[in-house]
Protein chains: 2
Amino acid sequence: MDTSVRILKRATLAFGEFGYDATSLDDLARALDIRKQSILYHYPSKELLLEACVRQAIADLSVALDEAIRKSSYGWERIESIVKRVFRLANNRPELLGLLREVTRLGPPILTNAVEGMRPLLDGATVWLIEEMENGRVRRSDPELLVLSAYSTIMGAATEVKLFEALGEESTIRHVAMRRKELLRFLKIALIP
Amino acid sequence: MDTSVRILKRATLAFGEFGYDATSLDDLARALDIRKQSILYHYPSKELLLEACVRQAIADLSVALDEAIRKSSYGWERIESIVKRVFRLANNRPELLGLLREVTRLGPPILTNAVEGMRPLLDGATVWLIEEMENGRVRRSDPELLVLSAYSTIMGAATEVKLFEALGEESTIRHVAMRRKELLRFLKIALIP
DNA sequence: ACCATTGCCTACCAAGTGGTAGAAATAGAG
DNA sequence: CTCTATTTCTACCACTTGGTAGGCAATGGT
């Protein structure tokens, strides 16, 4: 595999799981069995590496969501499809959502970039919600607020696996499925008229 | 004020806002206008300082929640009271919730400690919920799951201010109030039969 | 007056940080 | 084969990190 891609994947893993500050280029190089300077050849600085990771993560997320959107039609069906897709993503590639959370934690300037990258996604969701509300398929409320609430709710539900484990809740597939089901029930009651 | 208390407060602020790794003892000492070794006199290591901060944060949180609980009675009234209290806390002392989120990010071993400290709180909430469900004041569902979902939802809504700011949403008091209202509406629909 | 304890300090250190300079290897094109 | 560009490497650096060793002043009990 291309070295720069290997670096990107590993960095996304590390940044998403342990955080940006806690991940040193030396660590990364060791894990990849290359020299640190090879990393700095492909990505001139640690911050630029992070940027690249975030860009890729958002791209991957967009692809996944587009898939979920195309596979479904309207109203509740589509919401359900999206939530399920996000949970699947959280299961298969937890580092992606972890990285996004990390970015909101780090704040500007990297967050500003990331937000620009996500805006089409969020705007699309907002526009769609407005339409659905007008057609009476979704309960009326402030659509932007709703998108952001949904974002942080799904994010929380999908990424706080560590917390569940620490609480002694086993985090088997079945448990994740239960939490997903519970969240869906919640969302359905709250969103659908 | 007692030096050790000053250190604790400042460390909680810094850990909660910028994260554990991003906060150096030198930074802290500079901000407090004391020498780093004075910090290490009161708290023998950075990790023990973090532990102390977390302990105190949980204690403060417990006090705030107890207050909210005592002030309210049952059913929806109490849930509303708690949510409002948490939002007030997120407004007055955002570093508290920030620190707790940071702890879940850091994972074990510190998370294990923190979870032990929070267990009475969570268990209390679970027991109360079971009672409310049996009395028909709260919609039936898995109570433990519900507590954790509520935790991550409220946490997300209360702490993701940075994200909202980056999105260009002004984060005025009015906007926070709106988000609180929205969350309450959401919870009411989802929880109350 | 004495001494032990407390609290804060100066001086220092080994390890690790992100990053620079530039050599050596590799590979494709003519 | 040779030239050139790409890629990976060794060697190094200035700086920051958490933490140790030990001194020095204040305090208060005996």
Side-chain angles (χ1 to χ4, degrees), chain A residues 1-56 95 99 102-103 105-114, chain B residues 1-56 95 99 102-103 105-114:
Chain A
M1 201 200 304
D2 195 6
T3 307
S4 70
V5 175
R6 284 182 64 221
I7 296 172
L8 204 70
K9 293 207 167 190
R10 194 82 205 192
T12 303
L13 268 168
F15 290 156
E17 167 134 23
F18 308 110
Y20 178 71
D21 297 303
T23 303
S24 73
L25 295 182
D26 289 285
D27 291 342
L28 276 178
R30 218 169 300 131
L32 288 161
D33 197 29
I34 59 175
R35 258 28 70 190
K36 172 169 60 173
Q37 290 64 20
S38 303
I39 300 178
L40 287 165
Y41 168 76
H42 291 280
Y43 306 92
S45 78
K46 195 187 176 185
E47 201 172 335
L48 287 171
L49 172 57
L50 175 62
E51 259 181 48
C53 290
V54 171
R55 215 188 332 273
Q56 188 58 51
E95 73 276 11
L99 183 63
E102 172 74 356
V103 167
R105 195 184 69 85
L106 290 171
I110 181 73
L111 176 57
T112 319
N113 276 338
Chain B
M1 201 201 301
D2 195 7
T3 307
S4 70
V5 175
R6 285 182 63 222
I7 296 172
L8 203 71
K9 292 205 169 191
R10 194 82 206 192
T12 304
L13 268 168
F15 290 157
E17 167 133 24
F18 307 110
Y20 178 71
D21 297 304
T23 304
S24 72
L25 295 182
D26 289 283
D27 291 341
L28 275 179
R30 218 170 298 131
L32 288 162
D33 197 31
I34 59 176
R35 260 25 73 188
K36 173 170 60 171
Q37 288 65 20
S38 304
I39 300 177
L40 287 165
Y41 169 74
H42 291 280
Y43 305 93
S45 79
K46 194 187 178 187
E47 201 172 335
L48 287 172
L49 172 58
L50 174 63
E51 259 181 47
C53 290
V54 171
R55 216 189 330 272
Q56 187 60 51
E95 73 275 11
L99 182 63
E102 172 73 357
V103 167
R105 195 184 68 85
L106 290 170
I110 182 72
L111 176 58
T112 319
N113 276 338

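Chain letters run A, B, ... following the sequence lines, proteins first and then strands; every chain starts at 1. Every heavy atom of this structure was used, including side-chain atoms; hydrogens, water molecules and symmetry mates were not.
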Checklist entry - Quick one, which residues of residues 22-32 of chain B touch DNA chain D with a heavy atom under 4.0 Å? => result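 By residue number: B:Thr23, B:Ser24, B:Leu25, B:Asp26.
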Item to check | Any residue of residues 39-47 of chain B with a heavy atom less than 4.0 Å from an atom of DNA chain C | outcome: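 Residues of residues 39-47 of chain B that come under 4.0 Å of DNA chain C are, in numerical order, B:Tyr41, B:His42.
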Checklist entry - Sequence neighbours excluded, which residues qualify as side chain to side chain donor-acceptor pair (under 3.5 Å) partners of B:Asp21? => result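 Testing B:Asp21 for side chain to side chain donor-acceptor pair (under 3.5 Å), a comparison that skips the adjacent residues, returns none.
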For [X], check salt bridge (charged side-chain N to carboxylate O under 4.0 Å, His left out) against everything at least two apart and list the hits.
X: A:Glu95; result: A:Arg93
X: A:Glu17; result: none
X: A:Arg30; result: A:Asp27

Checklist entry - Which nucleotide span of DNA chain D, 5' end to 3' end, has atoms closer than 4.0 Å to non-hydrogen atoms of chain A? => result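 With heavy atoms of chain A under 4.0 Å away, the range is D:dT6 to D:dA11.
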Item to check | Any B:Val54 side-chain heavy atom under 4.5 Å of B:Glu51 side chain | outcome: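 Of all side-chain heavy-atom pairs linking B:Glu51 with B:Val54, none is under 4.5 Å.
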Item to check | Min side-chain heavy-atom separation B:Ser38-B:Thr3 under 4.5 Å | outcome: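 Counting from C-beta outward, B:Ser38 and B:Thr3 never come under 4.5 Å.
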Item to check | Pairs satisfying ring pair (Phe, Tyr, Trp, His ring centres under 6.0 Å), at least one member in residues 10-41 of chain A, at least two apart | outcome: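 Residue pairs passing ring pair (Phe, Tyr, Trp, His ring centres under 6.0 Å), neighbours aside: A:Phe15-A:Tyr20.
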Item to check | Least distance between heavy atoms, B:Pro108 atom then B:Leu111 atom | outcome: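 Closest heavy-atom pair between B:Pro108 and B:Leu111: N-CB, 3.8 Å.
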Checklist entry - Does any N or O in the side chain of B:Arg10 come within less than 3.5 Å of the main-chain N or O of B:Leu28, such that one atom is a donor and the other an acceptor? => result no
Checklist entry - Does anything in residues 33-50 of chain A pair up under salt bridge (Lys or Arg N to Asp or Glu O under 4.0 Å), and if so which pairs, sequence neighbours excluded? => result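 Counting only pairs at least two positions apart or across chains, the salt bridge (Lys or Arg N to Asp or Glu O under 4.0 Å) contacts touching residues 33-50 of chain A are A:Asp26-A:Lys36.
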Atom [atom1] in [X], atom [atom2] in [Y]: separation rounded to 0.5 Å?
X: A:Arg105; Y: A:Leu99; atom1: CZ; atom2: CG; answer: 11.5 Å
X: A:His42; Y: A:Asp2; atom1: NE2; atom2: CG; answer: 6.5 Å
X: A:Thr12; Y: A:Ile7; atom1: OG1; atom2: CD1; answer: 11.5 Å
X: B:Ile39; Y: B:Ser45; atom1: CD1; atom2: OG; answer: 12.0 Å

Checklist entry - Angle, rounded to 10°, between the helical axes spanning five pairs at each terminus of the helix from C:dA1-D:dT30 to C:dG30-D:dC1? => result 10°
Quick one: which protein N/O atoms are closer than 3.5 Å to N/O atoms of nucleotides 10-15 of chain C? Pair and distance per line, please.
{"from": "C:dA11", "atom 1": "N6", "to": "B:Gln37", "atom 2": "NE2", "distance (Å)": "2.8"}

Item to check | B:Thr3 side chain near C:dG7 phosphate (N/O to OP1/OP2, under 4.0 Å) | outcome: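 No, no such contact exists.
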